[in-house]
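Heads up, the thing below is written out as structure tokens.
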Amino acid sequence: MDYRLKLIGYPIQHSLSPWIHNKFLERTHLKGTYTLHEISPDASFDENVLTLKKEKVDGFNVTVPYKEEIIPYLNMLDDTAKQMGAVNTVVYREGKWIGYNTDGIGYLRSLESKYPTFFQNKSKRILLIGAGGAARGIYYALDRAGFDCIDIANRTKASAEEIAKLATLSSNTKVVSLKEAEEGIGNYDLIIQTTSVGMKPNVDTSILSFSQVKENAIASDIVYQPLQTKFLKEAEKNGAAIHYGHTMLLYQAQYAFEIWTNQKVPMDDLDLQLQTILEGR
Ligand code: ATR
């Protein structure tokens, strides 16, 4: 089989996904291509989707701004994509287009690869900062994985409250302000930063500042440009272990590739290779 895989979105010229999926194809010795299909907001989305159908692609990733717009074109959604109301991976299987969302599981896999022991105790206290699409995916995945102590801090409390409604286990989720989160930061074992604050070119900003942090706490930022965000630098200075954002990108891609090909690619040193690319940017 010759896999024909694509990425749709706009703008995507600087996307790292082709590099990642070409590495996966190499590693699995599968034949195929992963190419960009950029859809300008001025173009007809309808016509572009028709083109993908005609080209008989086997699967594609969907990124901003089409993660919701793609949904009416699909025949089925997996449970996570349904709950997210957003799709980032589509597979063509037995005549049907099926939509998935691999962000949350990708995040969990990335965390587990670096901090496997964190998963041994599901009562660890987690603070999720932000309430956008990424936060939603991560909250859903953590809750379904059995973590029952997840608080959410966001500038706009109402969006955080929407996310808290996804809870099955985390019925004790508290929605807090950014200020309250900052003051109570020492209570958390894992702090996950999911907002765009700190992203290039605003590298000197951080969503909150650390004054103290719990011993052995993990600080995780999903921003990966730069890799060392101000948030992570401050956390590290205060004694936290850190978790870089590019690993989520790798593991959500690993899960997408698995959906398309049924092969779970071993990650080995890809993490470090991607780190080198990002540091050179
Ligand atoms: P994504 O889908 O990538 O997660 P998003 O949906 O645009 O991104 O969500 C952005 C998140 O970053 C939101 O939580 C947003 O807070 P609001 O819900 O209050 O808008 C947060 N965010 C972005 N810029 C921010 C800023 N300058 N200060 C605080 N929070 C910010």
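Counting begins at 1 with the first residue of the sequence. Note that ligands are numbered from 1 as they come in the structure, with each ligand's atoms numbered from 1 the same way.
Other residues, nucleotides and ligands place more than 12 heavy atoms under 6.0 Å from the CD atom of Glu279. Environment of CD in Gln212: crowded, with over 12 heavy atoms of neighbouring residues, nucleotides or ligands closer than 6.0 Å.
Near Ser196, with a cut-off below 4.0 Å to any heavy atom, the atoms of ligand 1 are 12 (O), 23 (C), 24 (N). Taking a cut-off of under 4.0 Å to the non-hydrogen atoms of Ser159, the atoms of ligand 1 that pass are 18 (O). Applying the 4.0 Å criterion to heavy atoms of Ile207 picks out, from ligand 1, the atoms 29 (C), 30 (N). Residue Gly130 approaches ligand 1 through these ligand atoms, each under 4.0 Å from one of its heavy atoms: 14 (O). Near Thr195, meaning under 4.0 Å from any of its heavy atoms, are these atoms of ligand 1: 12 (O), 21 (C), 22 (N).
For the pair Ala131 and ligand 1, the shortest N or O to N or O distance falls below 3.5 Å. By the 3.5 Å distance cut-off applied to N or O atoms, Ala135 is not counted among the residues near ligand 1. Residue contacts with ligand 1: Asn154 is placed with a nitrogen or oxygen under 3.5 Å of a nitrogen or oxygen of the ligand (distance criterion only).
Remark: of the listed residues Lys124, Lys214, Arg125, Arg125 is the sole one forming a side-chain contact (heavy atoms from CB on, under 4.5 Å) with Tyr188. Among Phe60, Phe257, Tyr255, Trp260, the single residue meeting the side-chain contact (heavy atoms from CB on, under 4.5 Å) criterion with Thr89 is Trp260. Of the candidates Lys114, Gln228, Gln275, Tyr244 forms a side-chain hydrogen bond (donor to acceptor under 3.5 Å, both in side chains) with just one, namely Gln228. A side-chain contact (heavy atoms from CB on, under 4.5 Å) with His246 holds for exactly one of Ile277, Leu270, Leu227; it is Leu227. Test Val90, Ile105, Val91 against Tyr100 for side-chain contact (heavy atoms from CB on, under 4.5 Å) and you get one pass: Val91.
Considering all non-hydrogen atoms of both residues, Ile138 and Thr194 come closest at CD1-CG2, 4.0 Å. Taking every heavy atom of both residues into account, Asn48 and Ala43 meet most closely at ND2-CB, 3.9 Å.
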Go through the steps for Asn61 and Ser17 under the test side-chain hydrogen bond (donor to acceptor under 3.5 Å, both in side chains), then give the verdict.
CA-CA 9 Å; Asn61 282 132; Ser17 293; 4.9 Å; no
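Atom 4 (O) of ligand 1 has its closest protein heavy atom at Ala134 N, 3.0 Å. Among protein heavy atoms, the minimum distance from atom 10 (C) of ligand 1 is reached at Gly132 CA, 4.5 Å. Scanning the protein heavy atoms around atom 2 (O) of ligand 1, the nearest turns out to be Gly133 N, 3.1 Å. At the top of the distance list for atom 17 (P) of ligand 1, counting protein heavy atoms only, stands Thr156 OG1, 3.4 Å. When only non-hydrogen protein atoms are considered, atom 28 (N) of ligand 1 lies nearest to Arg155 NH1, 3.4 Å.
Counting heavy atoms closer than 4.0 Å to ligand 1, residue Val197 contributes side-chain atoms (C-beta onward) but none from N, CA, C or O.
Taking a distance limit of 4.0 Å, we find that atom 12 (O) of ligand 1 is approached by some protein heavy atom.
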